[in-house]
Amino acid sequence: MIKVEQTLKISKIKDGTVIDHITAGKAMKVLSILNIDEKSNSSVSIGVRVPSSKMGFKDVVKIENRNLEKFEVDKISLIAPDASISIVKDYEVTQKYTVELPSRIVGIVKCHNANCITNVKEPVSSEFALVSKKPLVIRCNFCERNMNEREILTSL
Ligand code: CTP
Ligand code: ZN
């Protein structure tokens with residue numbers, strides 16, 4: 001007997017980037033990290049809380065004709081540490097990798113300490129060390145204040 005596949009499929013893309021295995025519920029934050037909003041003209045498909053054998057539920061974002069910059073991938077790694085990035089050219093996956101939390105997080109997170117030198121004196125760019133992956137904790141190299149996942153999320 002033919003088994004009918006009952007999973008939700010999002011259409012394949014021709015050229016662009018697929019961000020798969022995003023922590024369930026974080027697709028919207030990924031879009032905001034990538035500056036995709038109602039004013040942008042890119043073609044984007046979004047799957048939210050799609051069933052996944054590996055993760056239970058996951059989010060997926062597919063963007064046509066867009067390559068991600070390193071700082072964008074690093075930001076995504078902070079909110080979706082298991083995300084995979086596939087680069088698609090003419091319907092084929094030409095490159096595929098999993099995001100990785102960098103051990104030094106430079107210039108992408110704003111320190112929560114208002115008096116930190118990175119907030120009061122330009123142009124010192126922010127710099128954090130990775131303290132713990134799960135739960136996510138990073139420490140400012142300037143004021144030594146720790147930031148947790150919730151604080152990081154609001155500052156991205
Ligand atoms: N993909 C796409 N359009 C294409 C090719 C691939 O949207 N033309 C997507 C797939 O849907 C998947 C991701 O890119 O989300 C990676 O593709 P592939 O490695 O072919 O898929 P799987 O082996 O099923 O992925 P995984 O094991 O990572 O779930
Ligand atoms: Zn600081």
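Below, all heavy atoms of this structure are taken into account, side chains as well, without hydrogens, waters or symmetry copies. What you see is a predicted model; the values in this text were computed from it and never measured. Atoms within each ligand, like the ligands themselves, are counted from 1 in listed order.
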### Task
Could you grab the angle centred on the Zn ion (ligand 2), going from SG in Cys111 to SG in Cys143, to 10°?
100°

### Query
At the Zn ion (ligand 2), what's the angle from Cys140 SG to Cys116 SG, rounded to 10 degrees?
110°

Spacing of [atom1] belonging to [X] relative to [atom2] belonging to [Y], to within rounding of 0.5 Å:
X: Asn119; Y: His112; atom1: CG; atom2: NE2; result: 9.5 Å
X: Leu130; Y: Ile105; atom1: CG; atom2: CD1; result: 5.0 Å
X: Asp20; Y: Lys58; atom1: CG; atom2: NZ; result: 3.5 Å

### Message
Looking at every non-hydrogen atom in both residues, tell me the closest pair between Ile10 and Lys62 and how far apart they are.
### Response
O-NZ, 3.2 Å

#### Entry: Nearest heavy-atom neighbours spanning Ile13 and Val88
O-CG1, 3.5 Å

Give a table of atom pairs where an N or O of ligand 1 lies under 3.5 Å from a protein N or O.
from, atom 1, to, atom 2, distance (Å)
ligand 1, 3 (N), Ile13, N, 3.0
ligand 1, 7 (O), Lys62, NZ, 2.7
ligand 1, 8 (N), Ile13, O, 2.8
ligand 1, 8 (N), Tyr91, O, 2.8
ligand 1, 11 (O), Lys62, NZ, 3.3
ligand 1, 15 (O), Asp20, OD2, 2.8
ligand 1, 19 (O), Lys96, NZ, 2.6
ligand 1, 25 (O), Lys96, NZ, 3.2
ligand 1, 28 (O), Lys96, NZ, 2.8
ligand 1, 29 (O), His21, NE2, 3.3

### Message
For the CD atom on Glu92, are there more than 12 heavy atoms of other groups (residues, nucleotides or ligands in this structure) within a distance under 6.0 Å?
### Response
no

### Task
Tell me whether His112 has at least one N, O or S atom under 2.8 Å from the Zn ion (ligand 2).
no

### Query
In terms of side-chain geometry, is the basic nitrogen of Lys14 or Asp90 positioned less than 4.0 Å from the acidic oxygen of its partner?
yes

